[in-house]
Structure formats: C-alpha cells, structure tokens
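Letters A, B, ... are given to chains in the order of the sequence lines, protein chains preceding strands, and every chain is numbered from 1.
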Amino acid sequence: MTNRKLYALLDCNNFYASCERLFRPELEGRPLVVLSNNDGCVIARSAEAKALGIGMGEPYHRCRRLLDTHQVEVFSSNYALYGDLSRRVMDILGRLEPEVEVYSIDEAFFRLPQGSPEQIQANGRAIRATVRRQVGLPVSIGYGPTKTLAKIANRIAKKQPAHDGVFAILPGRNIDQLLSTIEVGEIWGIGRQSTRKLALRGICTGLDLKNADPAWVRKMLTVTGARTQLELRGTPCIDLEAAPSPRKSIVTSRSFGRPVTSLGDLREAVTTYMTIAAAKLRGSHQKTGCLQVFLTTNRFRADAPQYADSRAVNLSLATSTTAELIGRGLTLINELYRPGYVYQKVGVMLTDLQPDSCGQGELFVPPESPKNHELMTALDNINHRWGHDTMRYAAAGFTRPWWLRQAKKSPAYTTNWKELPVVKAW
DNA sequence: TCTGGGGTCCTAGGACCC
DNA sequence: TCTGGGGTCCTAGGACCC
C-alpha cells in the first residue's frame with residue numbers, strides 16, 4: 001500500500017482569456033472574452049466576464065449589446081499564441097514531474113507517489129508558483145486517487161478561493177460528503193444526455209451516482225458510465241497515457257467569413273484546408289489511406305434551402321503528398337457541389353492514417369516517387385522557416401474572399417518576429 | 001448580418017459468411 | 001402456424017471531451 005499513486009490534474013485558469021491578458025496587463029481585473037473561429041461564439045471568459053452572466057458558447061451577435069454595455073474586451077481566437085504558451089506550461093510540468101500526460105491545450109494529468117497532505121500541498125504550490133513566475137499564467141491543481149476524482153478536486157481548487165488553487169481529495173478524508181456537493185453533470189464523462197437519464201432516476205449528485213446500482217449504470221450509460229462510477233468509488237479505470245497514441249484522423253474545416261455559392265470558392269477552400277491537413281499529416285509522420293470532403297449550408301437559417309453531404313475515396317496507395325490529396329479532394333467537391341445553395345462550411349477529413357514508415361506496396365500500382373517526398377520536405381522546411389503560407393498551391397486562391405472573420409485578433413506575440421511586443425523604458 | 005473546430009470511443013444494426 | 005443460428009466486420013450516428 002505504501003507505493004500507491006495519486007493522480008493530479010493541472011488546469012490553466014480561463015486559459016485563452018489569461019493568454020490575451022498576459023501581454024495586455026492593463027486588462028487585469030477587467031472583463032474579457034475570446035471568440036471562436038469566425039468570431040462566432042464566446043469560448044473563453046475572464047472571471048469578471050463570467051460574473052456579468054456571459055454564457056459559455058453564447059453566440060457573439062446575441063451578447064454583443066451586453067459586452068458593449070460593460071465595455072468587455074473582445075478578442076478573436078489566436079491559436080498560435082495559445083499553442084505556444086501551452087507548450088511552455090507543459091514543458092515546465094514535464095521538468096518538475098516524471099509522469100505527465102498532456103490532455104488538452106490547457107490541461108495535463110500527472111501521477112505522483114502518495115504522500116502526506118502537507119507534501120501534496122507543497123507539491124501543488126511549488127508547481128503553481130513556478131508556472132506563474134516563468135510563464136505568467138495562473139493554474140489550478142487537483143489531486144485524487146483516480147483521474148475522475150482529481151478532476152473534481154481541480155474544480156474545487158478553482159472555484160473556492162480559500163484553497164488558493166490547490167486541493168486534494170485524499171483517501172480517508174470524507175469523500176462522500178464532498179461528492180454530495182457536486183452536481184452529477186459536472187463530473188468528467190457525464191454529459192447532457194446522461195444527466196437527463198440520471199435525473200429521471202433521481203440521481204443528481206456525485207454521491208448518488210457513486211451509490212447507484214452498477215448494473216443499471218452499465219446498462220444506461222454503457223461501459224464509459226460504469227468506468228466513471230468505479231472511478232468515483234476510488235478504483236482507477238482510466239490510465240495515465242504518458243506516450244501519446246498515434247492520431248487516427250485529421251479534420252480541417254472552417255465556416256466561411258461570408259456566404260459562398262460558387263464552386264470556384266469551394267475549390268479554393270478545399271485546396272486550402274487540404275494543404276493544412278496534409279502538412280499536419282506529415283508533421284505526425286503519417287500518411288493517409290482515405291480522404292473525405294464534406295460541405296453544408298447554414299443549419300440555423302430555417303428560411304434557406306438546406307443541403308449537407310459528404311463523399312469519401314479510398315486510396316490504393318497511402319500518401320501524404322499535398323498535390324495528390326488536393327487533386328482527389330477537388331474531384332470530390334465537384335461531385336458534391338449543387339448550384340443554388342448558400343454554403344456555410346466545407347471541410348476535409350483524413351482517416352485510415354498509417355505510420356510513414358509503413359511501406360505496404362500494391363501489386364498493380366506503381367510506388368510513389370521519392371521525389372514527392374523530397375518536394376514535400378522542402379515545402380515544409382520553407383514554410384516552417386519563413387511562415388506557414390510562404391509557398392502554396394495556386395489553386396488555393398489569392399484574395400480568398402471566403403476566408404473566416406477574425407476582426408479582433410491579437411498579435412502573435414511569441415511566434416512571429418514581426419509581432420514581438422515592444423518594451424519601452426523611461 | 002451574425003451561431004467554432006478537432007478529436008475519441010461506444011453501440012446498434014445491416015451485410016455477409018458458413 | 002411456420003420461416004436456423006451464430007459469428008465477424010463495417011458503418012453511421014450518438015455522446016462526450018476540450
């Protein structure tokens with residue numbers, strides 16, 4: 001029993017909002033929100049913005065008035081910035097803790113030996129202080145005997161200021177009393193549909209779910225629900241994944257910045273997204289055996305005719321060559337296109353991903369020329385060195401009127417020489 | 001006018017086989 | 001009233017996550 005391990009979750013507070021504030025310190029203490037791609041919805045809020053009652057996922061056009069009234073700072077999302085700051089936080093955690101799983105852009109699980117409550121507290125405070133000092137972002141850390149309980153502990157650490165950003169659920173403490181204060185829908189893995197089913201049976205709190213009949217839970221919420229229940233009971237079912245498993249699919253899609261009706265615009269967009277997806281594919285040293293294109297009209301426009309469809313093609317020889325993928329994608333969009341509709345979004349999806357090294361050939365298909373590989377490496381190197389759009393396929397278009405709206409984007413402070421912040425001393 | 005994007009896992013049901 | 005049974009594989013769709 002002495003070598004029992006404890007799970008922990010580090011989570012950056014209001015991550016995107018905090019990133020924006022990092023380079024605009026005058027916004028400290030002021031309400032601030034970050035919008036989704038295309039400036040569509042609110043996807044991050046500072047504490048002050050939450051207090052104003054601005055909901056997560058609320059459409060921008062619906063809360064614009066409220067934002068204006070309270071002079072809320074509004075930002076388009078800036079993933080280059082968030083990705084870079086995330087990497088810095090994860091690097092620090094990786095130096096401090098041996099067993100780390102980066103779970104999302106703003107969260108990481110880690111595992112450590114069971115210690116005294118004082119030792120756990122000290123561990124959390126040290127990590128928190130280091131991240132604050134070296135990156136400048138606030139984080140919260142929760143500890144528990146399972147990942148699910150660590151998630152709950154993290155939530156408490158964040159919500160109750162008295163804990164100062166660190167909270168541990170330790171064996172022997174009164175876990176049941178704590179679970180009785182947690183709404184079942186707040187638990188990791190319990191979404192809206194499950195919450196509704198559970199409510200019908202009078203299961204409303206974490207404690208209710210912990211004590212519910214396991215057979216019933218298994219039947220209603222499938223094995224994932226059964227696992228969650230076991231985790232609430234202190235039995236770890238969801239392991240730490242220290243080595244990230246290879247990606248299984250890649251999707252690139254965006255809403256259009258303005259309505260699109262022509263096949264020409266759709267073809268430019270497919271080319272652009274396929275270029276992004278192919279670069280990502282090579283970045284993870286994979287190739288794809290199946291590609292898919294989908295498009296859709298705006299489903300919120302009840303007055304407009306609706307159309308959505310997708311089409312896929314299997315490749316006899318897996319590839320990661322941009323030009324070939326673009327060619328296939330354009331054939332698919334030609335087949336999908338129907339005139340007379342106003343399109344809102346198009347996307348490409350690569351599935352059946354394989355490791356680059358996997359050299360399975362095909363009897364009646366000539367192997368891919370090694371020149372393709374050299375060309376792609378050169379392309380990637382140039383774009384990495386000089387910026388992601390330095391060399392591109394002409395079919396992607398030049399003016400791109402359909403490109404998404406990002407009216408309020410902050411500079412790429414940390415990833416672009418031209419946008420470095422300038423410090424003035426006097 | 002205006003409503004994000006990118007993933008994973010699980011299950012039910014159909015097709016197919018012997 | 002009767003119409004086999006059991007297994008595998010694939011896919012679409014649902015649910016969930018951040």
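Residues of residues 59-78 of chain A that place a heavy atom closer than 4.0 Å to DNA chain B, in numerical order, are A/Pro59, A/His61, A/Arg62. Near DNA chain C, meaning a heavy atom under 4.0 Å away, the residues from residues 189-228 of chain A are A/Gly189, A/Ile190, A/Gly191, A/Arg192, A/Gln193, A/Ser194.
Here the side chain of A/Glu268 pairs no donor or acceptor atom with the backbone of A/Pro401 at under 3.5 angstrom. Between the side chain of A/Gln406 and the main chain of A/Asn37, no donor-acceptor pair closer than 3.5 Å is present. Side chain of A/Thr321 to backbone of A/Glu324: no donor-acceptor contact under 3.5 angstrom is found. A/Glu419 contributes a side-chain N or O that, together with a main-chain N or O of A/Ala412, makes up a donor-acceptor pair within less than 3.5 Å.
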Only distances under 3.5 Å count here; give the side-chain donor-acceptor pairs of residues 39-64 of chain A to other protein atoms, sequence neighbours excluded, each with its distance to 0.1 Å.
{"from": "A/Asp39", "atom 1": "OD1", "to": "A/Ser76", "atom 2": "OG", "distance (Å)": "2.8"}
{"from": "A/Asp39", "atom 1": "OD2", "to": "A/Ser76", "atom 2": "OG", "distance (Å)": "3.4"}
{"from": "A/Asp39", "atom 1": "OD2", "to": "A/Ala407", "atom 2": "N", "distance (Å)": "2.9"}
{"from": "A/Arg45", "atom 1": "NH1", "to": "A/Ile54", "atom 2": "O", "distance (Å)": "2.8"}
{"from": "A/Ser46", "atom 1": "OG", "to": "A/Leu32", "atom 2": "N", "distance (Å)": "3.1"}
{"from": "A/Ser46", "atom 1": "OG", "to": "A/Glu48", "atom 2": "OE1", "distance (Å)": "2.8"}
{"from": "A/Ser46", "atom 1": "OG", "to": "A/Ala49", "atom 2": "N", "distance (Å)": "3.4"}
{"from": "A/Glu48", "atom 1": "OE1", "to": "A/Arg21", "atom 2": "NH1", "distance (Å)": "3.3"}
{"from": "A/Lys50", "atom 1": "NZ", "to": "A/Asn14", "atom 2": "OD1", "distance (Å)": "2.7"}
{"from": "A/Glu58", "atom 1": "OE1", "to": "A/Gly55", "atom 2": "N", "distance (Å)": "2.6"}

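Annotation: side chain to side chain donor-acceptor pair (under 3.5 Å) contacts involving residues 218-233 of chain A, sequence neighbours excluded, comprise A/Thr148-A/Glu231, A/Thr222-A/Thr224. For residues 229-270 of chain A, no pair satisfies ring-ring contact (aromatic ring centres under 6.0 Å, His included), with sequence neighbours left out. Identified under the ring-ring contact (aromatic ring centres under 6.0 Å, His included) test for residues 289-326 of chain A, with sequence neighbours left out: A/Tyr307-A/Tyr341. For residues 240-257 of chain A, there are no salt bridge (charged side-chain N to carboxylate O under 4.0 Å, His left out) pairs, not counting sequence neighbours.
Residue-level contact check: A/Ile187 touches the backbone only, with heavy atoms under 4.0 Å from sugar-phosphate atoms and none from bases. Looking at heavy-atom distances under 4.0 Å, A/Asp106 makes contact with sugar-phosphate atoms alone, never a base. Using a 4.0 Å heavy-atom cutoff across all strands shown, A/Glu107 reaches sugar-phosphate atoms only and no base atom. Residue A/Arg254 is classed as a sugar-phosphate contact, given heavy-atom separations below 4.0 Å to backbone atoms only. Looking at heavy-atom distances under 4.0 Å, A/Ile250 makes contact with sugar-phosphate atoms alone, never a base.
Checked against side chain to side chain donor-acceptor pair (under 3.5 Å), A/Asp309 has no partners two or more places apart in sequence or in another chain. Every residue two or more places apart in sequence or in another chain that forms a side chain to side chain donor-acceptor pair (under 3.5 Å) with A/Arg88 is listed here: A/Asp84. For A/Gln286, the side chain to side chain donor-acceptor pair (under 3.5 Å) partners two or more places apart in sequence, or in a different chain, are A/Ser284.
Annotation: of the two residues near DNA chain B, A/Tyr16 and A/Lys248, the 5′-most nearest-nucleotide partner is A/Tyr16. Along DNA chain B, the nucleotide nearest to A/Arg247 and the one nearest to A/Pro259 differ in position, and the one closer to the 5' end is contacted by A/Pro259.
Across C/dG4 and B/dC16, the matching C1' atoms stand 16 Å from one another, rounded to whole Å.
The number of heavy atoms from other shown groups lying within 6.0 Å of CZ (A/Arg400) is above 12.
Consecutive pairing runs in DNA chain C reach the stem threshold at B:5-18 with C:5-18, where a stem means at least three Watson-Crick or G-U wobble pairs with distances under 3.5 Å.
Interface limits on DNA chain C: the 5'-most and 3'-most nucleotides within less than 4.0 Å of chain A heavy atoms are C/dA15 to C/dC18.
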